[in-house]
Amino acid sequence: MTGLNEPQKAAVAHSAGPLLVFAGAGSGKTRVITYRIANLIAEHNVAPHRILAVTFTNKAAGEMRERLDKLAGAAVTRDLWVGTFHAICAKLLRRYYAEVGLEKTFVIYDDSDQKAVLKRVMRAADTDERAYPPKQVLGRIHRQKRQGLGPADVRVSRSFDSTLVVLYEGYEKAMRIANAVDFEDLILLAVRIVENKESAAAQELKERFDHVMVDEFQDTNTIQYRLVRALAARHENLCVVGDDDQSIYSWRGANVTNIRGFHRDFPEAKIVKLEQNYRSTGNIVRSALAVIAPARDREPKKLWTAQEPGEPVHVRRLSSERLEAAEVLSVIQRSLRRDVPANEIAVFYRIHAQSRVLEEALRSEGIPYQIIGGMKFFERAEIKTALAYLRLIDNPRSDADLIRVINTPTRGIGQKTVERIMTTASARSSCGWDAIDTAVSELGAGPKKKVLAFQGLIQKLREVAERAGPHELITEVLERTGFRELLRRDDSAEADARLENLEELRGSILEYEKDTAEAGEEPNLASYLERVALVSVVDTMDDAPKVALMTVHAAKGLEFHTVCLTGMEEEVFPYRGIDGDSPEELEEERRLAYVAITRARTELHISHASTRMIFGQTRYLAPSRFLADLPPDATEFHESAYEFERPPPNRNPRPERSRYSSSSRPEAPRYEQSTRLAWRSPEAETAPTGEPSLAEGEQVVDYDAFDDIPPDQGVEIRKGSKVMHKRFGKGIVESVENDGNVTVVARFRGFGTRKVLAQYLSPA
DNA sequence: GGCAGCGTGATTTTT
DNA sequence: TCACGCTGCC
């Protein structure tokens with residue numbers, strides 16, 4: 001236990017009874033967990049296969065296993081149960097499927113599959129999709145599941161009316177017929193098994209684990225917590241690790257009270273707080289603290305660091321998102337010049353839509369990068385189709401897959417025919433596949449022949465699957481179905497890309513086979529499909545020297561030498577949805593900002609653009625309220641891109657930085673301050689617009705790609721500015737006010753003088 | 001039955 | 001801005 005601080009030691013040494021570890025950002029959490037597991041095995045003779053460790057992503061699971069391999073040896077750690085909630089539950093269900101009415105070959109449906117299922121149910125029930133948008137319906141159903149409520153347990157309320165109950169029932173029925181589960185089912189069904197008092201399986205499961213550990217505990221939801229408690233009930237050796245300040249998934253059901261109220265459920269629990277940050281410089285830690293400090297209801301913690309203050313946190317204001325991208329580019333180039341490896345540099349944004357400009361900027365300079373998340377590989381149409389064949393082969397009951405492939409590539413089986421099959425199926429409460437023989441008798445000779453040919457094709461492929469491994473199977477599938485041929489004949493660039501993607505899919509299968517071989521397991525189709533279904537965004541991140549672009553959510557648990565945090569504007573971060581945001585949501589945005597800041601080890605560059613193109617419209621955006629919370633003496637504010645290129649690095653702080661700080665009226669709402677400060681920028685009116693002065697040897701960023709937008713022009717709103725309003729059209733600003741929100745009085749032709757919110761204006 | 005074009009609509013964060 | 005769905009046409 002050398003090299004651990006006192007609280008870390010305490011957490012590692014604790015070997016019996018409940019334990020709650022509050023692990024501040026960068027406080028060596030993973031280290032503590034791995035040491036603790038190693039310690040249990042080595043010092044307390046706990047058998048590895050009796051330890052369950054739940055992580056947040058597969059990547060985290062893999063890293064934990066790797067570290068443990070080094071600590072205790074692969075032979076020892078091989079039997080450990082390490083994985084995400086979903087992966088662990090899937091594993092349990094592959095074993096106890098019969099307990100909950102599944103077949104062993106059940107498939108996991110992703111969002112689009114689920115939506116397809118629900119839409120069919122809705123159409124059958126004649127439900128108006130406008131009154132009940134499928135996406136929302138699905139969301140509500142999931143919420144019920146996360147509370148552990150099946151269709152029969154739901155209490156009808158305003159947010160869940162009787163129509164929804166009917167749809168929930170139909171959805172569940174369809175999923176079971178298809179022998180399919182959704183993500184929530186994985187957890188819910190596992191809970192059902194463990195909580196079933198009569199079943200032998202439950203007894204077995206409760207006995208199974210001597211120790212249960214949960215990482216990122218602040219992001220567990222109600223049903224996950226229930227599962228963990230049930231699994232740990234017998235031995236009560238439950239160790240949960242997390243940080244309520246980093247709870248950023250409440251929108252998908254995460255319940256912070258799990259961690260904040262842990263002590264109520266386990267009064268005898270030992271509580272350890274890890275508060276020393278080993279990751280970041282002093283300035284970064286102080287900035288993070290300053291941003292999280294105003295949060296309500298947080299468990300008191302004092303994150304500190306022994307490290308030097310380091311470079312100040314840079315905050316830059318740019319006039320547009322394109323200039324922001326150019327700025328990010330120059331920061332990255334500077335870091336690269338200083339030999340920071342590209343994979344130690346990350347660019348964060350609040351929403352994926354922001355990635356595009358950044359990506360273009362990086363590409364224009366040939367900087368290697370990878371985007372984490374966004375449109376995922378496995379969601380591409382050709383990949384989904386190929387996988388659908390595999391899934392149908394493995395699980396013929398999977399209706400969503402049957403419908404997807406029955407006429408892809410086109411084999412003359414039209415919608416009418418498919419409908420016929422599916423109505424026959426639902427009349428008999430069976431799946432489409434089983435209904436084919438009956439349905440076919442009602443079809444004309446032509447369609448009948450085609451459907452039977454398809455049936456024969458799948459049967460043949462099923463025979464292949466029985467004797468061949470997954471990679472052979474995919475080759476056969478692509479050939480025999482004519483899918484590859486279809487793409488080959490099409491000589492468009494698109495088709496080429498699709499063929500390449502299919503090759504990549506084959507590559508992923510080969511990789512899977514290699515992995516299983518290394519783990520000493522048999523590769524099989526079902527486990528490959530499961531793995532594909534449960535990959536998380538960060539799992540796809542590769543270690544190559546590439547700059548990483550990702551959302552802040554995806555960044556949780558990661559760290560980088562240099563971090564560029566972009567889009568720090570009101571509306572964007574904190575993100576404002578359609579119906580404004582509740583205080584709770586705002587709190588979560590604050591925690592999200594805290595997560596973002598604490599990812600940086602050495603350099604943190606925050607930027608905000610005063611205009612940004614959002615959904616095809618250029619809008620004025622005020623700086624994020626979170627910027628006003630940054631400690632003035634740990635941060636350095638830059639007005640424009642050119643400033644940054646000006647040496648020396650440690651010149652005196654510029655006086656105008658106080659514009660951002662909340663010094664004048666501490667009791668005033670921060671939002672008001674930060675917006676007012678930004679919008680009444682005195683410099684803006686007097687700012688020199690000439691060429692920036694450069695010191696010798698200083699490189700100017702290449703703005704070629706951006707030269708249609710001159711820097712620092714047409715950005716400020718002030719008297720005389722020409723603006724555009726969606727309804728009123730062109731107008732001239734008469735005055736700008738700030739009473740919480742920035743409002744503008746402007747004269748519009750045909751509408752006269754109107755007072756409007758600045759956020760609804762764009763430059764004209 | 002299939003395709004192309006158009007218009008519409010909406011547009012976080014993800015296992 | 002873009003993705004999707006619908007409609008109308010071949």
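Chain identifiers are assigned alphabetically (A, B, ...) following the order of the sequence lines, protein sequences preceding nucleic acid strands; residue numbering begins at 1 within each chain.
In this entry the distance linking CG of Leu227(A) with C1' of dT15(B) reads 15 Å, nearest Å. In this structure, Arg591(A) places its CZ atom 15 Å from C1' of dT12(B), rounding to the nearest Å. dA10(B) atom P lies 14 Å from atom OH of Tyr575(A), rounded to whole Å. Rounded to whole Å, the distance from OH on Tyr109(A) to C1' on dT15(B) is 18 Å. Separating the CD1 atom of Ile248(A) from the P atom of dT14(B) is a distance of 9 Å, rounded to the nearest angstrom.
The Ala554(A) side chain lies nearest to dT14(B) when the options are dT15(B), dT14(B), dT13(B).
Screening Glu321(A), Glu324(A), Glu571(A) for a side chain to side chain donor-acceptor pair (under 3.5 Å) with Arg612(A), the sole residue that qualifies is Glu324(A).
Contact between the side-chain N/O atoms of His352(A) and the OP1/OP2 oxygens of dT14(B) is found at a separation under 4.0 Å.
Note on Lys119(A): only backbone sugar-phosphate atoms sit closer than 4.0 angstrom, heavy atoms only; bases stay farther off. Heavy atoms of Phe85(A) sit nowhere under 4.0 angstrom from any nucleic acid atom. Nucleic acid contact for Arg350(A): base, since at least one base atom lies under 4.0 Å from a heavy atom of the residue. Nucleic acid contact for Asp111(A): base, since at least one base atom lies under 4.0 Å from a heavy atom of the residue.
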What protein N or O atoms touch nucleotides 1-9 of chain B N or O atoms at under 3.5 angstrom, if any, and at what distances?
| residue | atom | partner | partner atom | Å |
| --- | --- | --- | --- | --- |
| dG2(B) | OP1 | Asn407(A) | ND2 | 3.1 |

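Side-chain contact between Asp182(A) and Val117(A): absent, with no pair of heavy atoms (C-beta onward) separated by less than 4.5 Å. At a threshold of 4.5 Å between non-hydrogen side-chain atoms, the residues Asn395(A) and Phe106(A) do not count as touching.
In this structure, Ala87(A) and Ile351(A) both approach DNA chain B, and ranking their closest nucleotides by distance from the 5' end singles out Ile351(A).
Using a 30° and 60° split on the angle between ring planes, Phe56(A) and Tyr249(A) fall in the tilted class, from 30° to 60°.
Look at Glu569(A) and Arg576(A) and you find no salt bridge, because none of the NZ, NE, NH1 or NH2 atoms lies under 4.0 Å from a carboxylate O. Between Arg298(A) and Asp245(A) there is a salt bridge, with a side-chain nitrogen of the basic residue lying less than 4.0 Å from a carboxylate oxygen of the acidic one.
Counting 5' to 3', DNA chain C first comes under 4.0 angstrom of a heavy atom of chain A and last does so at the ends given by dT1(C) to dG5(C).
Stacking here means ring centres nearer than 5.5 Å and ring planes tilted less than 30 degrees, and by that measure Trp251(A) stacks onto dT13(B).
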